[in-house]
Amino acid sequence: MMRRGISVPIFMVLMFILLVAVLVPAYLFMSSTQIYSNQGSQQATGYLEGQNQEVNQVFRGNPNVYYNSSRSPFLQVLFTSIPYPLNVTQIYFYNGTTWSPVLKSSLVVAGNTFIPLPSKAFNRPVIMVSGEGNIYFLNPNTSINTVNIVGPAGKLPVYIASFVENGSNLIPVSVQVIFPTTGSSAFTPQVYFVTPGTYPLTDKSQTVFLPQYGITGVFQNWSIVGGTLSSTNQLSTSVTVFSPTVIVAIYKAQLNKYLVKISPFNIPLAPNTTTLKGNSLTSLNYTIPVKIDNKTFYLNKTGIKLNLTYGYHLIQFPSYYNISFNYSYNHGRSHFFMYAGEINCYQFTSLISSSNNISIKGPDIIFVNGTGQVYGNYTLSEVYYAVLTNNSFSLPSGAQLNSNSTQVLGDVGGQLIQVNNTFVIGPVNNNQVQRLYFKNGTVLEFTYDYLLGISGSFVINNVQYSQLLSYPQNVTAENYTGVPITIYPNYLPYQITIISPYYITNFQQWIYGGEAL
C-alpha cells in the first residue's frame with residue numbers, strides 16, 4: 001500500500017513535466033505563427049497606406065509635378081509645404097515605337113526640382129513610376145495629379161491607353177479593349193488591378209475615327225512598360241504582369257487623300273426658279289451650311305470638292321433647312337408678287353454615294369477609299385406662306401388736316417386685328433409692314449378689329465384737337481387671285497384659309513369730334 005501511494009504522486013509529477021515539455025512549445029509555436037501572420041498583414045497594410053499617402057500628397061499639390069512639353073521638355077516638381085519625399089524609380093517617354101527609360105537610377109526628390117527630359121519627348125506622353133508602386137501617366141502640358149494609379153495590396157496596376165500617331169503628334173483616343181478575363185469590354189484609358197500572371201488582352205477596333213481631325217487611324221502595334229506581350233502587332237495578345245504595367249495601343253493615321261465632291265440634292269438653292277400653272281418661285285438662298293469633320297462649309301448648288309484622307313469622315317447636313325422664295329403669279333389679268341412670299345422647309349433624309357469608293361456608314365458618316373461624290377438628299381417637309389399686314393388711316397370726307405404733331409395719315413402703327421381669339425396681327429410702328437408666316441392650310445379667323453386712340457396736337461379744318469379716335473372701315477385680304485376680299489366690321493368674325501401669300505390692309509378713319517384745346 002505504501003508503494004502504490006508513492007507511485008501516484010510520481011506519476012502526476014511526470015505528467016506535469018510532459019505537459020510543460022509538449023503543450024507549452026506548441027502554444028508558443030501557434031502564438032508565434034499568428035504574430036508572423038499579423039506582421040505580414042501589417043506590412044501589406046503599411047504598403048497600401050504608403051501608396052495612398054503618396055497619392056493624397058500629390059492631389060494636395062505637395063508635390064505638384066508638371067510636365068512641360070516644350071522643345072526642351074522637363075518635369076517640374078514644386079512643393080507647397082513641408083516636402084514629402086517622392087521616390088522616382090523610372091521615367092519613360094514614348095519615342096514613336098517603344099517606351100524609352102530616362103533615368104539611369106532611382107531619384108529621390110525632396111525639394112523643388114527640374115528633371116530634364118530628352119528632346120525627343122517633345123509633345124509625347126510620359127510615364128513616371130514611384131517607389132510606392134504608383135504609376136503616373138502624363139499627357140503633354142498636364143500635371144501629375146490628372147491621372148494616377150493606386151490599388152489594393154497584393155495586386156498590380158495595369159494601365160491601358162491608346163493613341164493615334166499623326167506625324168510627330170500623338171493624339172489620345174478611346175477604343176474598346178477586353179482585359180483580363182471577364183469578357184466584357186471597356187473604353188480606354190482604363191486601369192485594372194490583377195495578381196501577377198498572364199492574361200489575354202484584345203483590342204476590338206482595327207480602325208478608329210477622329211472627327212475633330214478628319215483622320216482615321218489603323219492599328220499598328222502594342223507598346224508595354226513593366227510587363228511582356230506575346231505579340232505586339234496583333235489585336236489579340238497575351239500580357240504577362242509581374243510589376244506595375246502600362247500598355248498602349250498605337251494607331252497610325254492614314255494620310256492618303258482622295259478627291260471627294262459633296263453636294264446637296266433635291267433642295268432648290270439659287271439660282272433656281274420653278275413655274276407651275278402661272279405660279280413662279282424664285283429661290284433666295286444660295287448656300288446651305290454643312291459640317292465636314294466638324295468644320296462648317298457653305299455649299300452652293302454645285303457642292304464642294306475636298307481632299308479627304310482615307311477612312312471615316314463626318315458629314316453633317318442640317319436636319320431641316322428653310323428656303324425662301326420670291327412668289328409671283330401671272331395669269332391673264334392677274335398679276336401678283338411678294339418678296340419672300342413662301343418658305344419651304346426641307347428635311348434631310350440620308351447621305352447618298354455615287355461610287356463604290358465611298359460607303360455610307362451611318363446617318364452622317366462615310367468611309368473614303370477613293371475618289372467619288374456624296375449627296376445630301378432632301379425632301380419637302382412643310383410649306384409656309386407670308387402674310388403682310390399694314391394700316392391705312394384717313395380723315396372723313398371734307399376734313400382737311402392743317403397741322404399735326406404726330407403722323408395721322410397712311411400707315412400708322414398700333415391698329416391691330418384679333419385672330420382666332422388668341423393673338424393679334426398688325427404693325428406696331430409707323431410705316432412698317434408686319435410680316436408673319438403661316439403653315440399652308442392654316443385658317444385665320446378675324447374676330448375683332450381694335451379701335452386706336454392717339455394723343456397730340458391736331459388742327460383739322462382750323463380746329464385744334466388733343467385726341468383722335470379711329471373707327472374701323474374695313475379689312476382687305478388679297479392673294480394671287482387678284483380679287484381682294486373686303487371684310488366689313490359687321491362681317492366679323494370672318495375666316496380666310498392660307499393657301500398662298502396674303503396682303504392684308506386695315507382701313508381706319510379718324511373721328512375728330514374730341515375735346516378741343
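As a basis for the values below, the full set of heavy atoms in this structure was taken, side chains included, without hydrogen atoms, waters or symmetry mates. We count residues from 1, following the sequence as given. Computed from a predicted structure; not experimentally measured.
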Could you measure the distance from the [atom1] atom of [X] to the [atom2] atom of [Y]? Nearest 0.5 Å is fine.
{"X": "T113", "Y": "L107", "atom1": "OG1", "atom2": "CG", "result": "7.0 Å"}
{"X": "N166", "Y": "L255", "atom1": "CG", "atom2": "CG", "result": "5.5 Å"}
{"X": "T287", "Y": "L299", "atom1": "OG1", "atom2": "CG", "result": "8.5 Å"}
{"X": "S205", "Y": "Q176", "atom1": "OG", "atom2": "CD", "result": "6.0 Å"}
{"X": "Y67", "Y": "F93", "atom1": "OH", "atom2": "CZ", "result": "9.0 Å"}
{"X": "I315", "Y": "I366", "atom1": "CD1", "atom2": "CD1", "result": "3.5 Å"}

Taking the six-membered ring for Trp, are [X] and [Y] ring centroids under 6.0 Å apart?
{"X": "Y375", "Y": "F265", "result": "yes"}
{"X": "Y346", "Y": "Y321", "result": "no"}
{"X": "F367", "Y": "Y310", "result": "yes"}

Looking only at the side chains, is there a donor atom on one of Q347 and Y320 sitting less than 3.5 Å from an acceptor on the other?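 Checked: Q347/Y320 side chains pair up, N/O donor to acceptor below 3.5 Å.
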
Distance only, no hydrogens: is a donor on one side chain within 3.5 Å (strictly under) of an acceptor on the other, for T237 and S231?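 Checked: T237/S231 side chains show no N/O donor-acceptor pair below 3.5 Å.
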
Check step by step if side-chain contact (heavy atoms from CB on, under 4.5 Å) holds for T202 and V177. CA-CA 5 Å; T202 299; V177 296; over 6 Å; no

Give the minimum heavy-atom separation between S283 and L269, together with the two atoms involved.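 Taking S283 first and L269 second, the nearest heavy atoms are OG-C, 3.8 Å.
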
Taking every non-hydrogen atom, the tightest pair across Y339 and R435: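 Scanning both residues, the minimum pair turns out to be O-NH1, 2.9 Å.
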
Consider side chain to side chain contact (heavy atoms under 4.5 Å, CB included). Of I224, N221, T240, which one does L229 pass it with?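 One option only clears the test, and that one is I224.
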
Check L284, N344, I343, T282 against F325 for a side chain to side chain contact (heavy atoms under 4.5 Å, CB included) and give me the one that passes.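 Answer to the side chain to side chain contact (heavy atoms under 4.5 Å, CB included) test with F325 among L284, N344, I343, T282: N344.
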
[X] side chain vs [Y] backbone, donor-acceptor pair below 3.5 Å:
{"X": "D364", "Y": "L314", "result": "no"}
{"X": "W222", "Y": "V248", "result": "no"}
{"X": "T142", "Y": "N139", "result": "yes"}
{"X": "S354", "Y": "Q373", "result": "yes"}
{"X": "Q220", "Y": "N233", "result": "no"}
{"X": "N357", "Y": "T371", "result": "yes"}
{"X": "T188", "Y": "V175", "result": "yes"}
{"X": "Q432", "Y": "N429", "result": "no"}
{"X": "Q90", "Y": "P101", "result": "no"}
{"X": "T245", "Y": "G226", "result": "yes"}

Contact between [X] and [Y] at the side-chain level, heavy atoms closer than 4.5 Å - yes or no?
{"X": "V383", "Y": "E342", "result": "yes"}
{"X": "N377", "Y": "I267", "result": "no"}
{"X": "L210", "Y": "T216", "result": "no"}

Please, which pairs that meet salt bridge (charged side-chain N to carboxylate O under 4.0 Å, His left out) have at least one residue in residues 189-204, sequence neighbours excluded?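 Pairs touching residues 189-204 that pass the test: none.
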
Which pairs pass salt bridge (charged side-chain N to carboxylate O under 4.0 Å, His left out) with one or both residues in residues 247-261, sequence neighbours excluded?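 Pairs touching residues 247-261 that pass the test: none.
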
Can you tell me how the ring of F137 sits relative to the ring of F163, calling it parallel under 30°, perpendicular over 60° and tilted otherwise?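 Rings of F137 and F163: parallel, as their planes differ by under 30°.
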
Between F317 and F348, what is the ring plane arrangement, given parallel below 30°, perpendicular above 60°, and tilted in between?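 Parallel, since the angle between the ring planes stays under 30°.
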
For K361, which residues count as a salt bridge (Lys or Arg N to Asp or Glu O under 4.0 Å) partner, sequence neighbours excluded?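 Salt bridge (Lys or Arg N to Asp or Glu O under 4.0 Å) check on K361 returns nothing, list empty.
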
Please evaluate residues N420 and T422 with respect to the criterion side chain to side chain donor-acceptor pair (under 3.5 Å), reporting the C-alpha separation (whole Å), side-chain torsions for both, the decisive distance (0.1 Å), and the verdict. CA-CA 5 Å; N420 296 346; T422 56; 5.0 Å; no

Could you walk me through whether V424 and V419 satisfy the side-chain contact (heavy atoms from CB on, under 4.5 Å) test, starting with their C-alpha distance in whole Å, then the side-chain angles of each, then the deciding distance to 0.1 Å, before giving a yes or no? CA-CA 6 Å; V424 293; V419 178; over 6 Å; no

What verdict does the side-chain contact (heavy atoms from CB on, under 4.5 Å) test give for T309 and V368, after you've listed the backbone C-alpha separation in whole Å, the side-chain angles of each residue and the deciding distance to 0.1 Å? CA-CA 7 Å; T309 56; V368 176; over 6 Å; no

Establish, for the pair R124 and Y94, whether the NZ or CZ atom is under 6.0 angstrom from the six-membered ring centre and no further than 45 degrees off its axis.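 Output no; distance or angle outside limits.
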
